[in-house]
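Lettering follows sequence order; numbering is per chain, from 1.
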Amino acid sequence: MNHQTQLLQLNHVKKHFPIKKGLLQRPKNYVKAVNGINLTVSEGETLGVVGESGCGKSTLGRVVIGLEKLSDGSIQFKDESIGNLSERKLKKYKKDLQMIFQDPFASLNPRQKIGNALEEIFIIHTNMSKSERKQKVLSLLKEVGLKEEHYDRYPREFSGGQRQRVGIARALALNPSLIVCDEAVSALDVSVQAQIMKLLKDVQTKYELTYLFISHDLGVVRYMSDRILVMYLGAQVELGDSEQIYKNPLHPYTKALLSAIPRPNPKHKRNRIKLQGDLPSASNYPTGCPFHTRCPIAQEHCAEIVPEWREIEENHFVACHEV
Amino acid sequence: MSAVTETEKNINTEKKTTNRFVEVAKSLMKNKLSLIGIIIITLIVLVAIFSPIITSYGPYEQNLERTKLGVGSEGHFLGTDNYGRDMWSRIAHGAIISLLVGLSSVGIGLFGGIILGLLAGYYRKLDSIIMRFVDLLFAFPGILLAMLIIAMLGTSLVNVVIAISIWSIPGCARIVRGSVLSIKNQEYIQAMKTVGASDLRILLKHVLPNCTAPLIVYGTMRMATAILSTSALSYLGLGAQPPTAEWGAMIAAGQDFMWDAPHISIIPGIAIMLTVFAFNVVGDGLRDALDPNMDVNN
């Protein structure tokens, strides 16, 4: 893998959703879904993003492809700042940034045939003739392991795995360089999951794609990712090569997260680190280190000082005072 | 490329292409009441279309020698009115008026309601403005609103259509807005945004087709209301004017002869009742047939 060229750079990216109240709909408070992410994604790599539900990993993905506007910070994509481009200027980049959605049953228009749904992408972006478009769609279907006869089918006639293949075809249609996979395999059966992950890896090598692979499934992320970013409450807590994170987790949150992976061997005794309490509300953001309310090794200063983002070993970063 | 697995193949062969229209029609036919409704509507439509062929007199053809003939008279099986006009041909002609007024007012009302509903549901900034306007329309009792509009525009059948259209807008706008609110957060709409589709394309090609089911039901029910209101307004003298063969106007014209020739009022009354009944039960049946819980998609 080529880890040299930077494709995507996030500088202090924040996404705060206002909670509007009262007659005038003035924002009274903010849900800090993504709270200051600094990140560089290199061309051709797969960056896994893990964290529990509500930690802002999906919002991060949506911000990157432009579905949500940034609240603060900037996004560099191929040497251009795309953070808050207008809709029209963004269209140029939308071809390059695509997304594979979580729920294969909700991500396809139930009233549209698969062939027409995929052709529509070419209607929007190209001036191809009808037969050219059809040829293109047929080759796309073949690419993702579907057959020509699927062209005239409605989404309801497909299984979950097949629908997700269509979702991949849609993401591939415009030859993007970055694909955000937002829980792309989470809704699928384990056996189908494996096929879809293999397909994702196959097309990645073929088209030199870069993935931002968002998932809560640690096993899946480990299989897919070159590097892994651990998020907690909208903040990044640890970043490192896949193996570093799994073999040598540094942050107490990562340790707890990894200890929750189910082991296939029932005799294997797990040293499960159980976190106390619930995830704090993102609208009532903790001071200092966001994790201090549940951290087993928290000290007094953790509640006051935001921990620095430090490189502990090569390419292995962590935000914790106690490491 | 990884091969499609056996299980996926099996699902493939089992599910044949099903036509949604056929499915809905089938489940509609199973409901006896709505089957009756469909038959009545079909008959009314046929009568309206073929009225010049199936009637032997013109609706305005007077015969002062044969006035107020009762039902079952020779040559006039529904009798004649006080000017000796054939009741059957007037009823048949009235069917054309009722259906045309119903269709056009519901059509215009749905068109306006769809536009307002789509805009209100999709753009949050327009939402409160549009919906307050809709609430304003809702605040008037329907027939009063129609009378108000006719009072401003003058009495004629065209103005009745306008009045009933405007009256149909708020209900439709609310239905569409509600559907849009739930549809616009679906992943397939997000997906269309990520591939760069314009708002217009998303609204017309992806949002609207997915909120047709409640609209079909509303439109059918609305037909009943529109036909009834047209007759009511004409009865009150605000819509079609005599001698127009409009059912409501016919009832009004016949009420002076209630004692010696009640059929002059009763027959158009039955025609109105049957039509309204038919559209209502078909609307009910459609609501059941289009129920999302019976939808094959879910």
(message) Quick check on the interface: out of Q98(A), E120(A), R170(A), M99(A), who has the most heavy-atom pairs with chain B under 4.5 Å?
(response) E120(A)
More than 12 heavy atoms of other residues, nucleotides or ligands under 6.0 Å from [atom1] of [X]: is that the case?
X	atom1	value
N127(A)	CG	no
E132(A)	CD	yes
F133(B)	CZ	no

Kindly list each side-chain donor-acceptor pair under 3.5 angstrom involving residues 135-143 of chain B, sequence neighbours excluded, with atom names and distances?
unit_1, atom_1, unit_2, atom_2, d
D135(B), OD1, R174(B), NH2, 2.6
D135(B), OD2, R132(B), NE, 3.1
D135(B), OD2, R132(B), NH2, 3.3

(message) Can you confirm whether R111(A) sits close enough to T212(B) that some side-chain heavy atom of one is under 4.5 Å from a side-chain heavy atom of the other?
(response)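 Side chain of R111(A) against side chain of T212(B), heavy atoms only: contact under 4.5 Å found.
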(request) Could you tell me which portion of L108(A) (side chain, backbone, both or neither) has an atom closer than 4.5 angstrom to a non-hydrogen atom of chain B? (result)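 Backbone of L108(A) only, per the 4.5 Å heavy-atom cut-off to chain B.
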(request) Kindly give the heavy-atom pair with the smallest separation between P110(A) and N210(B), and that separation in Å. (result) CG-OD1, 3.4 Å
(request) Check whether any side-chain N or O of H125(A) sits under 3.5 Å from a backbone N or O of V195(B) as a donor-acceptor pair, and report yes or no. (result)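 Looks like yes, one N/O pair under 3.5 Å.
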(message) Does anything in residues 187-194 of chain B reach chain A? List residues with heavy atoms under 4.5 Å apart, or say none.
(response)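 E187(B), Y188(B), Q190(B), A191(B), M192(B), K193(B), T194(B) fall under the 4.5 Å cut-off.
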